[in-house]
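Encoded as structure tokens, the structure appears first; notes follow it.
Residue numbering restarts at 1 for every chain, and letters A, B, ... go by the order of the sequence lines.
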Protein chains: 2
Amino acid sequence: MPVDDVTVRRPTLTQVAALAGVSLKTASRALNQEPNVAPSTGRRVRDAADLLGYRLNGIARELRRGATSALVGLVSGDLTNPFYSAVASGIERELRQHGLLLITANNDEDAMLERSLVDAFLERRVRALLVIPSADDHEYLAIEGNRGVPFVFLDRPPDGLSADAVLIDNAGGARSAGEHLLGAGHRRIALVSDLVRMAPQRARIDGFVGAMRAAGNDAWEPFLRTGVHDVRQAERTVRDLLALDQPPTAVFTTNNRLTTGALRAMRELADPPALIGFDDFDLADVLGTTVVAHDMTALGREAARLAYERISGHSGPARTIVISTSIIARGSGERPPR
Amino acid sequence: MPVDDVTVRRPTLTQVAALAGVSLKTASRALNQEPNVAPSTGRRVRDAADLLGYRLNGIARELRRGATSALVGLVSGDLTNPFYSAVASGIERELRQHGLLLITANNDEDAMLERSLVDAFLERRVRALLVIPSADDHEYLAIEGNRGVPFVFLDRPPDGLSADAVLIDNAGGARSAGEHLLGAGHRRIALVSDLVRMAPQRARIDGFVGAMRAAGNDAWEPFLRTGVHDVRQAERTVRDLLALDQPPTAVFTTNNRLTTGALRAMRELADPPALIGFDDFDLADVLGTTVVAHDMTALGREAARLAYERISGHSGPARTIVISTSIIARGSGERPPR
DNA sequence: ATGAAAGCGCTAACAG
DNA sequence: CTGTTAGCGCTTTCAT
């Protein structure tokens with residue numbers, strides 16, 4: 001019965017005004033709780049609006065008010081990665097406090113796509129843009145920087161422009177992981193890391209290597225693996241490491257995906273090597289996995305705060321917030337060398 | 001040196017046209033790759049646009065083109081729940097194929113908040129609205145339904161209106177979990193479930209109970225627990241169950257949070273009961289947890305597809321897609337009764 | 001307390 | 001191939 005293939009045009013404020021028998025502007029005032037509206041007039045307008053199923057057209061309002069929306073954009077990796085979704089959740093919660101909405105888009109780890117998503121967001125006139133960049137070169141954003149759209153970088157420092165950023169203490173966390181394993185007596189420690197084109201990965205490697213150097217240990221060097229990018233690759237890499245004649249006695253994985261792979265590789269081992277993973281994860285307690293933890297939701301929240309301050313008119317030099325890390329010992333990182 | 005506290009107004013098409021020495025409309029044509037523009041003119045316009053740092057104002061365009069944006073809204077629970085983030089990821093990937101962007105908002109499991117988020121989305125003139133509702137009453141959406149904004153319900157059937165939906169075969173999945181445990185010889189099977197106000201939970205309970213009835217087993221009845229809503233509560237509930245004089249020999253948990261709690265409760269048990277969890281999760285293979293799995297990304301993808309078809313003008317009766325489930329046996333569900 | 005007119009930045013319709 | 005005019009739905013002057 002319902003004729004719903006005809007796109008029914010939504011009623012406009014003009015129609016509401018007409019039905020209520022007032023002028024356009026009066027209807028606007030009434031619906032926006034502005035002063036100087038007689039109570040009876042207000043009621044008439046609201047009734048008319050209800051009757052017609054009127055809903056404010058935010059697009060028209062935004063255009064008139066200055067062509068800037070109530071939207072904040074986030075460009076990040078796939079939300080099925082718990083790291084990104086935790087960050088997104090932190091951002092979203094903070095933005096909501098201020099009546100802002102979050103638009104998300106997945107860069108698929110592709111620099112070109114990332115650029116076009118940024119473009120799309122800027123065309124939509126987002127109030128601020130949060131980016132967990134896949135690419136390392138952010139110079140193309142510099143043009144936009146001083147045009148009133150605040151940028152905030154998450155997890156990766158801006159390169160080629162100056163902008164607010166919220167980072168994790170990657171080097172510090174990785175260093176303490178290294179020290180933790182050295183403290184348990186390990187020397188032959190494998191380092192399984194992701195693509196080195198990502199700055200956080202480089203920092204984690206540097207931190208780990210720093211700890212080894214400081215301890216005068218170089219027995220880890222044959223066990224350095226980089227460019228390991230997904231769970232399966234990580235599983236295979238760890239399997240291969242453990243099959244060596246002189247296998248490592250401990251493994252440090254530099255993100256949650258790699259840790260998952262390592263756990264799969266070690267699943268059926270009676271006497272597994274020690275393991276520490278960067279990034280905490282959901283069932284780490286049940287699995288007894290020692291991790292370098294950090295507050296991912298706080299990372300998002302702080303980034304949203306910085307963005308909001310800029311939106312609210314704060315100007316000044318770019319700020320960087322660093323989220324601290326801590327080792328959570330759950331057993332796997334405390335296993336002694338065999 | 002940069003004067004960035006003065007909100008620099010972005011250049012408009014008029015300014016680009018002026019600089020290029022052409023009319024507004026010609027500039028518009030050139031920038032939109034429309035036909036009938038002399039190559040040299042096109043180049044002049046593009047150069048002017050680059051010089052000024054011009055960027056199309058999507059808000060103005062949308063207003064002019066019919067007051068409807070390229071945005072699709074998703075209202076769901078917190079994205080830190082892997083279920084929601086997997087769904088969101090599936091949606092986002094599908095929408096991108098069609099140049100649509102996803103706006104997300106977290107209902108915090110609050111019906112009032114959910115309503116106001118839906119309002120906010122509708123004011124932004126989203127092209128479609130996807131909802132994983134926390135509330136069971138969706139009648140308030142009925143008014144909107146035939147006004148041109150397509151609704152798609154995910155994971156929960158619409159109540160009080162007719163709309164497209166993508167559901168999981170909750171009853172079937174739960175029934176097969178029950179049968180699986182019965183098949184392993186269990187009779188005293190605990191059912192740990194979430195708030196019964198959520199339709200999927202009711203369906204899962206029904207499915208499980210159906211399997212028990214069909215087998216003539218009523219030994220599960222003392223072990224029915226409902227209203228268990230977070231991980232800690234689930235952990236305590238399972239602990240309490242296992243501390244009974246006559247404890248259950250198997251546990252069926254009806255979502256990923258509850259499964260996590262159960263795993264925590266069983267962490268240090270030498271001889272844990274059998275366990276099957278509804279919803280697959282990341283490290284289930286490592287933990288050897290048997291689950292009722294289903295494709296969450298597909299759930300999102302299908303919902304986005306339905307929405308897109310409506311956006312593209314498809315009209316017709318509401319459709320429902322059901323995502324099938326399958327048991328993945330990994331050990332925990334195959335443990336025999338003690 | 002209310003209204004009339006102008007215009008946000010763009011595209012559609014129609015000329016030339 | 002290019003330009004002129006009008007208007008999307010709203011808010012912002014400025015009158016009354």
Side-chain angles (χ1 to χ4, degrees), chain A residues 7-46 48-49 52-70 120 122-127 147-148, chain B residues 7-46 48-49 52-70 120 122-127 147-148:
Chain A
T7 300
V8 185
R9 232 187 170 59
R10 300 210 64 125
T12 71
L13 194 52
T14 312
Q15 295 172 42
V16 174
L19 182 61
V22 297
S23 82
L24 175 62
K25 179 59 206 171
T26 301
S28 168
R29 272 196 271 260
L31 261 26
N32 288 310
Q33 327 271 28
E34 281 176 42
N36 294 337
V37 176
S40 71
T41 312
R43 254 184 48 87
R44 249 192 6 264
V45 172
R46 270 187 298 276
L52 291 167
Y54 170 78
R55 202 175 283 275
L56 173 84
N57 185 331
I59 296 177
R61 162 182 279 181
E62 279 163 9
L63 179 59
R64 184 61 245 243
R65 296 236 259 226
T68 200
S69 70
L122 291 172
E123 285 191 358
R124 300 243 138 64
R125 294 296 194 269
V126 290
R127 285 288 260 293
R147 290 216 169 258
Chain B
T7 302
V8 186
R9 232 186 170 60
R10 300 210 63 126
T12 71
L13 195 51
T14 313
Q15 296 171 41
V16 174
L19 182 62
V22 297
S23 82
L24 176 62
K25 181 59 205 171
T26 302
S28 169
R29 272 194 271 259
L31 262 25
N32 288 309
Q33 327 272 30
E34 281 176 41
N36 293 337
V37 176
S40 72
T41 312
R43 254 183 49 86
R44 251 192 5 264
V45 171
R46 270 188 298 275
L52 264 51
Y54 171 77
R55 201 176 282 277
L56 173 84
N57 186 330
I59 297 177
R61 163 183 277 181
E62 280 162 8
L63 179 60
R64 184 59 246 245
R65 295 235 259 226
T68 198
S69 69
L122 291 172
E123 286 192 357
R124 299 248 134 64
R125 293 295 192 270
V126 290
R127 284 287 259 295
R147 288 214 170 258

Among dG3(C), dG9(D), dT11(C), the one nearest any side-chain atom of Leu56(B) is dT11(C)
Glu62(A) atom CD is separated from dT12(D) atom P, nearest whole Å, by 13 Å
Across all chains, not counting sequence neighbours, the side chain to side chain contact (heavy atoms under 4.5 Å, CB included) partners of Leu24(B) are Leu13(B), Thr14(B)
Distance col, row Arg125(A):CZ vs Leu56(B):CG, nearest 0.5 angstrom, shows 7.0 Å
When every non-hydrogen atom of Ala60(A) is compared with those of Leu63(B), the smallest separation belongs to CB-CD1, 3.7 Å
Item to complete: Would you indicate whether the side-chain heavy atoms of Glu62(A) and Arg124(A) approach each other to under 4.5 Å?
Response: no
Rounded to whole Å, the CZ-P distance (Arg55(A) to dC10(D)) equals 13 Å
Ordered by number, residues from residues 32-46 of chain A within less than 4.0 Å of DNA chain C (heavy atoms) are Asn36(A), Val37(A), Ala38(A), Thr41(A)
Residues at least two apart in sequence or cross-chain that pass side chain to side chain donor-acceptor pair (under 3.5 Å) with Ser23(A), listed by chain then number, are Thr26(A)
Sorted by number, residues from residues 12-21 of chain A placing a heavy atom under 4.0 Å from DNA chain D are Thr12(A), Leu13(A)
*asked:* Is there a side-chain contact (heavy atoms from CB on, under 4.5 Å) between Asn57(B) and Arg10(B)? Walk through the geometry before answering.
replied: CA-CA 9 Å; Asn57(B) 186 330; Arg10(B) 300 210 63 126; over 6 Å; no
Produce the list of close N/O pairs, under 3.5 Å, pairing protein atoms with atoms of nucleotides 4-7 of chain C; give distances to one decimal.
residue, atom, partner, partner atom, Å
dG7(C), N2, Arg64(A), NH1, 3.2
dG7(C), N3, Arg64(A), NH1, 3.4

Checklist entry - Any sub-3.5 Å donor-acceptor pair from Arg29(B)'s side-chain atoms to Glu34(B)'s backbone N or O? => result no
Here the distance between atom C1' of dA12(C) and atom CG of Leu63(B), to the nearest Å, is 13 Å
- State whether Ser28(B) places a side-chain N or O below 4.0 Å from either non-bridging phosphate oxygen (OP1 or OP2) of dC10(C). no
Whole-Å distance, Arg65(B) CZ to dT11(C) P, equals 6 Å
In whole angstroms, the gap separating P of dC10(C) from CZ of Arg10(B) amounts to 11 Å
- Do Arg46(B) and Leu31(B) come close enough that some side-chain heavy atom pair is under 4.5 Å? yes
In whole angstroms, the gap separating C1' of dT11(D) from CG of Leu31(A) amounts to 13 Å
Computed from five pairs at either end and rounded to 10 degrees, the angle between the axes of the helix from dA1(C)-dT16(D) to dG16(C)-dC1(D) is 40°
Heavy-atom closest pair (Val16(B) atom, Ala48(B) atom, distance to 0.1 Å) is O-CB, 3.8 Å
